[in-house]
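Reckoned from all heavy atoms, side chains included, excluding hydrogens, waters and symmetry mates.
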Amino acid sequence: MTASPSQTGSPNLKATQPLLRAEDVSILYGSTVAVSNVFLDIFQYQITAFIGPSGCGKSTLLRCFNRTNDLIPGAQVKGNITFQGIDLYAKQVDPVEVRRRIGMVFQKPNPFPKSIYNNIAFGARINGYKGDMDELVETSLTRAALWDEVKDKLNESGLSLSGGQQQRLCIARAIAVQPEVILMDEPCSALDPISTLRVEELMQELKEQYTIVIVTHNMQQASRVSDKTAFFNAEATDQGSKRGYLVEYDDTVNIFTNPKEDYTRDYVSGRFG
């Protein structure tokens, strides 16, 4: 990837052009179509939520934005996905660099079996970071609202933390490699309500410097934290599998108070899903 980083952290420089764009994207596992014909623009310094029932392809699409699906045998992406106008699937694009610029936080907290300090430092070292590592660790943990809780036990295992702390550690780990986008795949589904609230507050703070895309089954969470919401649904195929598709994408307030599609209205009102 050759485009210069556009991250500025300044709300005054929010782009009017999409940072990420999916154009007629379909995703297949072998011959099975998991997601079909998605058109979607994601804008800088906003939180975009993907909602919809199980099996509609939300997480599958999310993983395409940093090429994590490349690691799944038989996965294939058709259509065009761009980041800052660059085709993420072009032959000359390094998927490792894609994953540095577009980080991922998974559903279940997954700290490395290392110290808290080395959980943060590991990725930076792999990516050739030459600056002050102590400063980077402190800054990353501070941005993830975790520094005050762990500053006196940086040499203890990241696995010793509570579930909510572990998830914030994983967010700090993603921040440490200086991405521009953070993808979050149901980051609160394994957390208690208090930890969930803290992660939601953290997302609001982070969007001043990062673009965030979140998959969530929790419609209340989507309505609380996101600027835009994409509602996906699934239909049965002749082969007996489910094929996901995008029903509606709009400002979150419109999705939850004045949706254009009946399916959207039925889902957000709890009639199915």
Donor-acceptor check, side chain of [X] to backbone of [Y], threshold 3.5 angstrom: yes or no?
X: Asp251; Y: Val253; answer: no
X: Lys58; Y: Gly52; answer: yes
X: Asp192; Y: Ser195; answer: yes
X: Ser140; Y: Val137; answer: no
X: Thr211; Y: Tyr45; answer: yes

Quick one: are [X] and [Y] in side-chain contact, heavy atoms under 4.5 Å?
X: Ile102; Y: Leu20; value: yes
X: Phe39; Y: Leu246; value: no
X: Leu154; Y: Trp147; value: yes
X: Arg143; Y: Ile171; value: no
X: Asp227; Y: Phe43; value: no
X: Gln178; Y: Arg100; value: yes
X: Val268; Y: Phe231; value: no
X: Val93; Y: Asp87; value: no

Rounded at 0.5 Å granularity, tell me how far [atom1] in [X] sits from [atom2] in [Y].
X: Ile212; Y: Ile47; atom1: CD1; atom2: CD1; result: 4.5 Å
X: Ile81; Y: Asn66; atom1: CD1; atom2: CG; result: 10.0 Å
X: Cys64; Y: Leu183; atom1: SG; atom2: CG; result: 10.5 Å
X: Lys108; Y: Cys170; atom1: NZ; atom2: SG; result: 11.5 Å
X: Ser189; Y: Gln221; atom1: OG; atom2: CD; result: 9.0 Å
X: Phe50; Y: Tyr249; atom1: CZ; atom2: OH; result: 7.0 Å

In terms of hydrophobic clusters joined by side-chain contacts under 4.5 Å, are [X] and [Y] together?
X: Leu40; Y: Leu88; result: yes
X: Leu197; Y: Val225; result: no
X: Leu141; Y: Leu206; result: no
X: Val98; Y: Leu62; result: yes
X: Val177; Y: Tyr210; result: no

* Could you walk me through whether Asn37 and Arg243 pass the side-chain hydrogen bond (donor to acceptor under 3.5 Å, both in side chains) check? -> CA-CA 10 Å; Asn37 307 112; Arg243 177 171 55 215; over 6 Å; no
* Please, which pairs that meet side chain to side chain donor-acceptor pair (under 3.5 Å) have at least one residue in residues 129-139, sequence neighbours excluded? -> Tyr117-Asp134
Quick one: closest heavy-atom pair of [X] and [Y], and the distance?
X: Leu191; Y: Pro109; result: CD2-CG, 4.4 Å
X: Arg168; Y: Val199; result: CG-CG2, 4.4 Å
X: Val25; Y: Ala22; result: CG2-CB, 3.7 Å
X: Ala121; Y: Met133; result: CB-SD, 3.6 Å
X: Asn118; Y: Ser115; result: N-OG, 3.0 Å
X: Ile120; Y: Ala172; result: CD1-CB, 3.6 Å

With sequence neighbours left out, write down each residue that passes side chain to side chain donor-acceptor pair (under 3.5 Å) with [X], or none if nothing qualifies.
X: Asn69; result: Arg63
X: Glu201; result: Arg198
X: Thr264; result: Glu248
X: Arg99; result: none

* Would you indicate whether Tyr245, at its atom OH, is surrounded by more than 12 heavy atoms from other residues, nucleotides or ligands within a distance under 6.0 Å? => yes
With [X] via side chain to side chain contact (heavy atoms under 4.5 Å, CB included) - residues at least two apart:
X: Val35; result: Ile27, Val38, Thr60
X: Thr32; result: Ser241
X: Lys242; result: Ala234

Report the hydrophobic cluster partners of [X], with the cluster defined as I, L, V, M, F, W, Y residues connected by side-chain heavy atoms closer than 4.5 angstrom, directly or transitively.
X: Phe112; answer: Phe122, Ile126
X: Ile194; answer: none
X: Ile72; answer: Tyr29

* Could you please spell out the steps behind the side-chain contact (heavy atoms from CB on, under 4.5 Å) verdict for Arg271 and Asp262? => CA-CA 11 Å; Arg271 292 178 187 170; Asp262 289 340; over 6 Å; no
* Asked: Among Arg21, Lys228, Gln17, which one satisfies side-chain hydrogen bond (donor to acceptor under 3.5 Å, both in side chains) with Asp41?
  -> Arg21
* Asked: Would Asn218 and Thr216 satisfy side-chain hydrogen bond (donor to acceptor under 3.5 Å, both in side chains), going step by step from the backbone distance to the final call?
  -> CA-CA 5 Å; Asn218 186 329; Thr216 178; 5.4 Å; no
Sequence neighbours excluded and cut-off under 3.5 Å, please list the side-chain donor-acceptor pairs for residues 157-165, or say none.
unit_1	atom_1	unit_2	atom_2	d
Ser157	OG	Leu159	N	3.0
Ser160	OG	Ser157	O	2.6
Ser162	OG	Gln165	N	3.3
Ser162	OG	Gln165	OE1	3.3
Gln165	OE1	Ser162	N	3.1
Gln165	NE2	Glu149	OE1	2.8

